[in-house]
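Numbered from 1 within each chain, the chains take letters A, B, ... in sequence-line order.
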Amino acid sequence: MAERILIFAAWPYCNGDLHIGHIAGAYLPPDIFARYHRLKGNEVVWVSGSDTHGTPITVRAEEEGITPRQVVDRYHPRFLELFQKLGITFDLFTETNTENHWAVTQEVFLRHWERGYIYKDTQKALYCNHHQGFLADRYVEGTCPYCGYEHARGDQCDHCGRMLDATELISPRCKVCGSTDIVVRETEHFFLDLAKLNRPLLEWIRQDKEHWRPNVLNFTRAQLESGELHGRPITRDIQWGVPIPLPGYESKRIYVWYDAVIGYLSATREWAKLTGQPNAWRGWWEVDRASDVKSYYFIGKDNIPFHTIIWPGMLYAYGGLILPYDVPANEYLNVEGAKLSKSRHWVIEALDVLERYDPDPWRYILTVNAPETADVNFTWEEFVRRNNTELVATWGNLANRVLSFAYRRFDGRVPQPGNLDATDRALLSQIEAGFQRVGEQIEQCHFRAAIIEAMGLAQEANRYLNIKEPWKQIKEDPQAAATSIYVCLQAINWLRVIFSPFLPFSSQKLHEYLGHEGGLFGRQYVEEYHETERSHLALRYDSSDVTARWEPQRLSPGQQLNKPAPLFRKLDESIAEEEVERMLAASGSPTH
RNA sequence: GGCGACGUAGCUCAGAUGGUAGAGCAAGCGGCUCAUAAUCGCUGGGUCACAGGUUCGAGUCCUGUCGUCGCCA
């Protein structure tokens with residue numbers, strides 16, 4: 001019976017391009033997971049979108065003299081372009097500045113309010129007498145009370161790294177009008193009553209969590225068992241964001257963290273509308289109809305508390321919706337031994353490198369060295385090395401040596417095999433077992449182990465070739481050579497499927513060289529959707545005509561092959577040095 | 001400062017429930033020549049951050065120290 005898998009990825013903040021750490025952490029793993037489950041014949045819904053609200057975007061807009069919407073309009077399409085180029089197959093990648101998302105957010109807010117999980121309270125906040133407005137933390141700058149740094153922000157000091165309350169700043173200045181005529185005033189806000197949710201969350205975290213990653217589970221457990229959850233403000237004194245659905249709060253908006261996680265729900269509802277069945281989302285979310293649905297949230301480690309405490313708490317407070325089944329958070333990816341940092345200009349932007357390199361080598365290295373259990377270190381040298389010695393030499397070369405031999409010596413067709421001997425059967429049964437072994441690893445979100453397992457199978461096939469030596473067999477016993485080559489073609493035909501969730505582009509090429517019709521996967525496309533007053537771009541995925549399956553289908557003798565070409569390009573070793581130079585130049589530090 | 005993790009061969013990393021340290025790459029030697037000089041086999045190399053403790057026995061459990069990361073204050 002088909003399983004139902006609901007997949008989410010963290011909503012990328014729409015004020016800059018995504019780097020390879022984001023891809024490795026939150027977007028590539030769920031894509032592998034989604035592609036695999038679709039091949040298995042399971043029902044998959046996978047949604048995410050751009051997080052478009054919050055002060056970082058308004059600050060950015062004001063600095064550039066444009067509107068927040070224009071900031072979103074710059075980066076959101078670039079996310080869509082990147083996900084297409086990398087083959088990240090969301091069923092829907094939308095954004096939060098839509099009428100749908102606003103409506104769902106307000107509905108959740110009101111429900112939390114009515115059920116008593118939101119309360120009103122006052123906070124002390126900085127108020128600028130000059131332009132007569134409250135200052136959200138990023139709109140104020142001053143001297144850090146801890147280290148004396150003069151340009152500390154209202155939420156954090158970039159010099160000593162401490163988190164601050166804006167009211168702690170010494171001699172604060174308004175970033176809106178430059179005034180120093182700033183006072184502390186009381187402001188009324190809404191708070192999510194997390195203290196009230198502590199107990200139910202603790203009960204939830206104590207059952208059926210054996211499959212969670214230890215770091216995620218330990219962290220969450222420790223937070224909940226401390227019993228120290230406290231109310232958290234969900235509204236702010238700003239103008240950009242979802243309006244509060246109660247009268248009298250027109251000058252305030254819903255805090256971005258509260259609306260962003262609701263995107264998981266609102267995007268599922270948008271997806272349902274787009275499929276023509278607006279109520280279909282209920283079958284994926286409502287406890288009485290979705291008890292069999294497993295929901296997975298792919299995120300980076302900085303996001304763990306939002307997805308294992310706050311969002312589950314919000315769902316519980318809403319009532320009747322399923323809580324996360326798993327939150328396979330990844331750690332961080334460092335580059336050349338240093339933390340990725342936009343402000344220090346130490347980044348590898350995904351869209352940028354896809355100008356120079358194919359997507360599959362990136363998908364490969366970001367999977368085989370993924371930060372699943374600990375921070376990892378990406379180096380360009382390793383990128384080139386793994387591309388050349390693993391992708392090109394082990395897997396690509398296997399496919400190429402088999403295909404070109406078959407194409408030249410067997411008239412461009414899959415040869416008719418004779419009787420299989422023990423060696424032939426051993427190889428085929430090993431690869432056949434790969435569907436099970438690799439599949440199990442993927443299902444447990446062990447993508448790294450999964451791709452290593454798959455690469456091991458390619459090695460087995462190379463070993464088989466060295467034992468059989470069809471280039472000798474063909475001179476002495478052509479039928480034996482035909483059998484060996486058939487066995488190898490069958491092997492790479494299966495490996496084509498086994499590798500396909502990880503390496504969809506090269507698997508598709510191999511699919512064609514082997515003479516198969518159609519595509520292994522569906523089609524990604526961007527569409528513009530119009531609501532009553534607004535419109536937005538979204539990335540979609542259509543797999544309605546895909547016939548590929550995660551199973552060892554027999555390759556037909558006599559099938560016409562197409563002229564093969566190498567699956568992967570070998571990279572010159574000088575590339576590693578050049579790319580590091582490029583990064584050092586961009587960071588402005590020759591030694592970093 | 002509190003909480004959660006991480007620190008394993010030159011490099012990048014694996015090592016549920018404790019039982020004489022593993023892989024890939026790099027280095028050396030050998031086989032093959034179908035293949036993008038690709039492949040296959042063999043060899044060398046580690047006081048598992050440091051100091052204690054529990055145990056017949058600890059990268060694997062406990063305590064402390066140092067270093068790194070994240071969350072919170």
Whole-angstrom distance between B:A26 and B:U39, as gauged at atom P:
9 Å

Does B:G10 fall in syn (glycosidic angle within 90° of 0) or anti?
anti

Looking for any heavy atom pair under 4.0 Å, which part of the strands does A:E469 touch: base, sugar-phosphate only, or nothing?
sugar-phosphate

If I pick the P atom on B:G2 and the same atom on B:U54, what distance separates them, to the nearest angstrom?
27 Å

Should the heavy atoms of other residues, nucleotides or ligands under 6.0 Å from CD of A:E150 be counted, would the total exceed 12?
no

SB check A:E390 A:R385 (cutoff 4.0 Å)
yes

With a 4.0 Å cut-off on heavy atoms, is A:R569 in touch with a base, just the backbone sugar-phosphate, or nothing at all?
nothing

On a whole-Å scale, what distance lies between the C1' atoms belonging to B:G19 and B:G57?
6 Å

Counting only side-chain N and O atoms of A:R448, is one of them less than 4.0 Å from OP1 or OP2 of B:A14?
yes

Between B:A14 (P) and A:E372 (CD): distance, integer Å:
9 Å

Scan A:P470 against the nucleic acid and name what it touches under 4.0 Å (heavy atoms): base, sugar-phosphate only, or nothing.
nothing

What would the secondary structure line of RNA chain B be in dot-bracket form, counting Watson-Crick and G-U wobble pairs under 3.5 Å, with [ ] for pairs that cross earlier ones and | for pairs with another strand?
(((((((..((((.....[..)))).(((((.......))))).....(((((..]....)))))))))))).

Enclosure of A:E573 CD (heavy-atom neighbours >12, cutoff 6.0 Å)
no

Between A:R386 (CZ) and B:A14 (P), how many Å, whole number?
10 Å

Mind checking if A:R221 touches a base, just sugar-phosphate, or nothing, with heavy atoms under 4.0 Å?
nothing

Is it true that atom OH of A:Y316 has more than 12 heavy atoms of other residues, nucleotides or ligands lying nearer than 6.0 Å?
no

B:G24 C1' sits how many Å from A:N369 CG, rounded?
11 Å

Among the nucleotides B:G24, B:C3, B:U36, which one has an atom lying closest to any side-chain atom of A:R385?
B:G24

Between B:C25, B:C32, B:A35, spot the one nearest the side chain of A:N400, thanks.
B:A35

Rounded interatomic separation in angstrom, taking CG from A:L217 and P from B:A5:
10 Å

Hydrogens and angles aside, do A:Q436 and A:E440 bring a side-chain donor and acceptor to less than 3.5 Å of each other?
yes

What orientation do A:F447 and A:F33 show, parallel under 30°, tilted 30 to 60°, or perpendicular over 60°?
perpendicular

In this structure, how many angstroms lie between the C1' atom of B:G24 and the CD1 atom of A:I451, rounded?
14 Å

Using the P atom on both, measure B:A23 against B:C40 and round to a whole Å.
15 Å

Send over the distance from A:I452 CD1 to B:U12 P, rounded to a whole Å.
16 Å

Short side-chain N/O contact to B:C6 OP1/OP2 from A:T373, under 4.0 Å
no

Got a list of side-chain donor-acceptor pairs under 3.5 Å for residues 454-466 of chain A, not counting sequence neighbours?
from: A:E460; atom 1: OE2; to: A:R463; atom 2: NH1; distance (Å): 2.7
from: A:N462; atom 1: OD1; to: A:R401; atom 2: NH1; distance (Å): 2.8
from: A:N462; atom 1: ND2; to: A:T394; atom 2: O; distance (Å): 3.1
from: A:Y464; atom 1: OH; to: A:D424; atom 2: OD1; distance (Å): 2.6
from: A:N466; atom 1: OD1; to: A:R401; atom 2: NH2; distance (Å): 3.4

Using 4.0 Å as the upper bound for N to carboxylate O, is an ion pair formed by A:D375 and A:K339?
no

Worked check of ring pair (Phe, Tyr, Trp, His ring centres under 6.0 Å) between A:W395 and A:F499:
CA-CA 10 Å; A:W395 167 226; A:F499 273 114; 4.6 Å; yes

Check this for me, if you would: do A:R448 and A:E372 make a salt bridge, where the nitrogen-to-carboxylate-oxygen distance has to be below 4.0 angstrom?
no

Go through residues 20-31 of chain A and report each residue with a non-hydrogen atom lying under 4.0 Å from RNA chain B, sorted by number.
none

Toward the 5' end of RNA chain B, by each residue's nearest nucleotide, A:W471 or A:N377:
A:N377

Rounding to an integer number of angstrom, what distance separates B:C48 and B:G59 when you compare their C1' atoms?
5 Å

Using the P atoms only, state how far B:U12 lies from B:G52, rounded to an integer number of Å.
29 Å

Mind checking the P distance from B:G44 to B:G10? Whole angstroms is fine.
16 Å

Have a look at A:T220 and say if it touches a base, only the backbone sugar-phosphate, or nothing, with a 4.0 Å heavy-atom cut-off.
nothing

Within the structure shown, what part of the strands sits under 4.0 Å from A:L567 by heavy-atom distance: base, sugar-phosphate, or nothing?
base

What residues form a salt bridge (charged side-chain N to carboxylate O under 4.0 Å, His left out) with A:R363, not counting sequence neighbours?
A:D31

Could you tell me whether A:F378 contacts a base, only the sugar-phosphate backbone, or nothing, with contacts defined as non-hydrogen atoms closer than 4.0 Å?
nothing

Taking the side chain as everything from C-beta on, heavy atoms only, tell me whether A:W257 gets closer than 4.5 Å to A:R232.
yes

I'd like to know if the side chain of A:N330 pairs up with that of A:R213 as donor and acceptor (distance under 3.5 Å, no hydrogens or angles considered).
yes

Hey, which sits more toward the 5' end of RNA chain B by its nearest nucleotide, A:N215 or A:K472?
A:N215

Under the criteria of a ring-centre distance below 5.5 Å and an interplanar angle below 30°, is A:F405 stacked with the base of B:C34?
no

For nucleotides 37-43 of chain B, just jot down a letter per nucleotide in 5' to 3' order: B, S or -, based on protein non-hydrogen atoms under 4.0 Å.
-SBBS--

In whole angstrom, what separates A:L194's CG from B:A73's P?
12 Å

Would you mind classifying the nucleic acid contact of A:V402 as base, sugar-phosphate or nothing, using non-hydrogen atoms under 4.0 angstrom?
nothing

Provide, to the nearest angstrom, the distance between the CG atom belonging to A:L391 and the C1' atom belonging to B:G24.
14 Å

Please list each protein N or O that sits under 3.5 Å from an N or O in nucleotides 63-70 of chain B, with the distance.
from: B:C69; atom 1: O2'; to: A:K301; atom 2: NZ; distance (Å): 2.5
from: B:C69; atom 1: O2'; to: A:D375; atom 2: OD2; distance (Å): 3.3
from: B:G70; atom 1: OP1; to: A:K339; atom 2: NZ; distance (Å): 2.3

Could you give the distance separating B:A9 and B:C71 at their P atoms, to the nearest angstrom?
28 Å

Side chains of A:E512 and A:Q508 only: does a donor on one sit below 3.5 Å from an acceptor on the other?
yes

Whether A:R206 and A:E225 form a salt bridge (side-chain N of Lys/Arg under 4.0 Å from carboxylate O of Asp/Glu) is what I want to check.
yes

Would A:H189 and A:D237 count as having a side-chain donor-acceptor pair, cut-off 3.5 Å?
yes

Taking only Lys NZ, Arg NE, NH1 and NH2, and the carboxylate oxygens of Asp or Glu, determine whether A:R153 and A:D137 approach each other closer than 4.0 Å.
no

